[in-house]
S.K.: 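Starting off with a structure, shown below.
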Amino acid sequence: VQRAEALAATGRCAEAAPLLLEAAGDRPGMDLRTRAAELLLISGRAADGLDQLRRVLKDARLSVPRGERAALARALVLLIRELFGGVRLRERPDEEVLEATRRRIDLAWSAGRGLLLWREFHAVILLLRSLKLARGAGDGRRFARGLVARAMIVGGMNERVAERGLQKAEELAERLDDDYLRGFARVARGVSVCHRGSWPEGLVLLDQGQRLLRERCVGVAWEVSIAITTMIRALIHMGSIRELDRLAPRWMRIATDRGDIYLGAVAGICDGWLRLIDDDPEGARRRVTAAGEGWPEEVHHFQRFQALVVTLQIDLYEDRGVDALARLEAAWRWLRTSYIPFSPDTRAEIRLLWAQCLLAAAQQSEQPAPLLRRARAYGRKLKRDGHRDGRGAHAYVDAALHWRAGRPTQAAMALDRAASHWDAQGRKLHAACVRRRKALVLDGEGLETADAALRDLGVAVPARLTEAYVPGFS
């Protein structure tokens, strides 16, 4: 057991889990088996981890709904309660908190932590149950930990609730002098800020949090993986190609050394995106496909969504708008039942993808009108949502529709608005592609400057990437 925990402390969760299962054997109690299940899930061994976790939860009579729809309904009820939940705690001394209560809190926490990468609705149920148990027990440290997790879950839905919980958690972290809580709260704040579309600010917070966790804490592979995954997404949204080029090999080495399939998949998808930017769509497609090999089909996790995003960009890069739309329509069957559309930033991203694929497909269709009507509807949804990520996207859709209607002046003005919105968010690559598109709309005026700006960012072939990011003008 000591060897297993030593391995887990250095992030080598896949090596630690079998040792804990071997030590558990036929012993009574669930601590070792719970810890093993958590480590298997964190390291990406979904099938084995889910199997062990079902046994543990059944033995503990800590039931969760079995199906996705039932879990969704239950998670929504709990989330609504938490949106009105407070942060007051009647704290008790450690010696007054029963050991059995602590174990139950930790069981729900470990199970939810492991499941968050795989079954989001089930994870939400367990993490919020852990918070409720900690609140009832008066356990300050576990309550603060639960508040941080709650902030990550509700941050995209209610900024005020997330911020209030983080402030309380940070207050408890300082009073308890707990570096884990400090670092985890910083990561959660970064995730919450990214949910709002403030990518540069979120990136700074995520980096600060993961550094604090890595330098001062042990056994934090899950928290660091969340930070790095969100950092990769932020850097892609910001178009920070050279920074990703520098960091991606390091993250891949970390994943390989730890045997971390989860982080390895994220780094692999990032590498695929970089190959696309370098004008290697075939290599990009192979890399993204390889990153998703071995994932259970029934698991609708965030990596699967990220792989879909990059694959659609590859389709658009290769001028395969009809294929991209068909791929997105097929993926929507599982995507709409996942937790992913509940976050406002990913919801905006999905709506932008729909608009891009519809506009690209309309270029190749003999009957473009129905596709353009659908694209217009997604543009309106992006505007109505009011999310920062949706402002530039709505302006781009507006520009494409003006162009299709033979109104180049209005199209150029809308592209100007899109570039301004994306500049304000720090999304340099989107803004640069939009400016190149505007130059084409204006019969080449400013095209050399736009191409130079894209090459300065690290783009190999500006013309092809513009077709992927701003389709619909051919």
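Throughout, numbering of the chain's residues begins at 1 and tracks the sequence. As the structure is a computational prediction, the values presented were derived from the model and not from experiment. All values below come from the heavy atoms of this structure, side chains included, with hydrogens, waters and symmetry mates left out.
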S.K.: Mind checking side-chain hydrogen bond (donor to acceptor under 3.5 Å, both in side chains) for Arg189 and listing every partner two or more places apart, or none if nothing turns up?
M.R.: Glu163, Glu170
S.K.: Is the shortest heavy-atom distance from the side chain of Arg388 to the side chain of His421 under 4.5 Å?
M.R.: no
S.K.: Could you tell me which non-hydrogen atom of Ser225 sits nearest to which non-hydrogen atom of Leu263, and how far apart they are?
M.R.: OG-CB, 4.3 Å
S.K.: Hey, are the side chains of Trp334 and Arg304 touching, using non-hydrogen atoms and a 4.5 Å cut-off?
M.R.: yes
S.K.: Can you establish whether the number of heavy atoms outside Arg3 located under 6.0 Å from its atom CZ is more than 12?
M.R.: no
S.K.: Going by heavy atoms in the side chains, are Ile226 and Val187 under 4.5 Å from each other?
M.R.: yes
S.K.: Taking NZ, NE, NH1 and NH2 as the nitrogens, is one of them in Arg275 or Asp271 under 4.0 Å from a carboxylate oxygen of the other?
M.R.: yes
S.K.: Answer yes or no: is there a side-chain heavy-atom contact under 4.5 Å between Pro341 and Thr346?
M.R.: no
S.K.: State, to 0.1 Å, how close Ala4 and Leu19 come at their nearest heavy-atom pair, and which atoms those are.
M.R.: CB-CB, 3.8 Å
S.K.: So, Tyr396 versus Gln356: side-chain donor-acceptor pair below 3.5 Å or not?
M.R.: no
S.K.: With sequence neighbours excluded, tell me which residues meet side-chain hydrogen bond (donor to acceptor under 3.5 Å, both in side chains) with His237.
M.R.: none
S.K.: Any side-chain heavy atom of Ile105 sitting closer than 4.5 Å to one from Arg129?
M.R.: no
S.K.: Sequence neighbours excluded, which residues qualify as ring-ring contact (aromatic ring centres under 6.0 Å, His included) partners of Phe121?
M.R.: Tyr339, Phe342
S.K.: Mind checking the CD-SG spacing from Gln313 to Cys357? Nearest 0.5 Å is all I need.
M.R.: 9.5 Å
S.K.: Are Arg186 and Asp207 within salt-bridge range, i.e. N to O under 4.0 Å?
M.R.: no
S.K.: Hey, could you give me the CG/SG distance between Leu235 and Cys270, rounded to the nearest 0.5 Å?
M.R.: 8.0 Å
S.K.: Between Asp179 and Arg182, is the closest basic N to carboxylate O distance under 4.0 Å?
M.R.: yes
S.K.: Rounded to the nearest 0.5 Å, what's the gap from CD1 on Ile153 to CG on Leu128? Could you check?
M.R.: 4.5 Å
S.K.: Suppose we screen for salt bridge (charged side-chain N to carboxylate O under 4.0 Å, His left out). Which residues come up paired with Glu243, at least two apart in sequence or across chains?
M.R.: Arg246
S.K.: Roughly how far, to the nearest 0.5 Å, is CG of Leu98 from CG of Asp139?
M.R.: 11.5 Å
S.K.: Are there over 12 heavy-atom neighbours, none belonging to Lys381, within less than 6.0 Å of that residue's NZ?
M.R.: yes
S.K.: Taking C-beta and beyond as the side chain, do Ile228 and Leu206 meet within less than 4.5 Å on heavy atoms?
M.R.: no
S.K.: What I want to find out is whether Arg427 reaches Asp389 closely enough, with some N-O distance under 4.0 Å, to be called a salt bridge.
M.R.: yes
S.K.: Taking Arg196 first and then Asp345, would you say they form a salt bridge - that is, a charged N and a carboxylate O separated by under 4.0 Å?
M.R.: no
S.K.: So, do Glu99 and Arg102 sit near enough that their side-chain heavy atoms are less than 4.5 Å apart?
M.R.: yes
S.K.: Should the pair Asp385-Arg351 be classified as a salt bridge under the 4.0 Å nitrogen-to-oxygen rule?
M.R.: yes
S.K.: If you define the side chain from C-beta out and look only at heavy atoms, does anything of Leu312 sit under 4.5 Å from Leu308?
M.R.: yes
S.K.: Report yes or no: is the cationic atom of Arg145 (NZ for Lys, CZ for Arg) closer than 6.0 Å to the six-membered ring centre of Trp109, at no more than 45° off its axis?
M.R.: yes
S.K.: Could you pull out all donor-acceptor pairs under 3.5 Å where a side-chain atom in residues 77-91 meets a protein atom, sequence neighbours excluded?
M.R.:
| unit_1 | atom_1 | unit_2 | atom_2 | d |
| --- | --- | --- | --- | --- |
| Glu82 | OE1 | Arg150 | NH1 | 2.8 |
| Glu91 | OE1 | Arg175 | NH2 | 2.4 |
| Glu91 | OE2 | Arg175 | NH2 | 3.2 |

S.K.: One thing to verify: whether Asp398 and Arg376 come together as a salt bridge, which I'm taking to mean a side-chain N less than 4.0 angstrom from a carboxylate O.
M.R.: no
S.K.: Taking only residues two or more places apart in sequence, or in another chain, which ones meet Met238 in a side chain to side chain contact (heavy atoms under 4.5 Å, CB included)?
M.R.: Trp199, Pro200, Leu203, Ser240
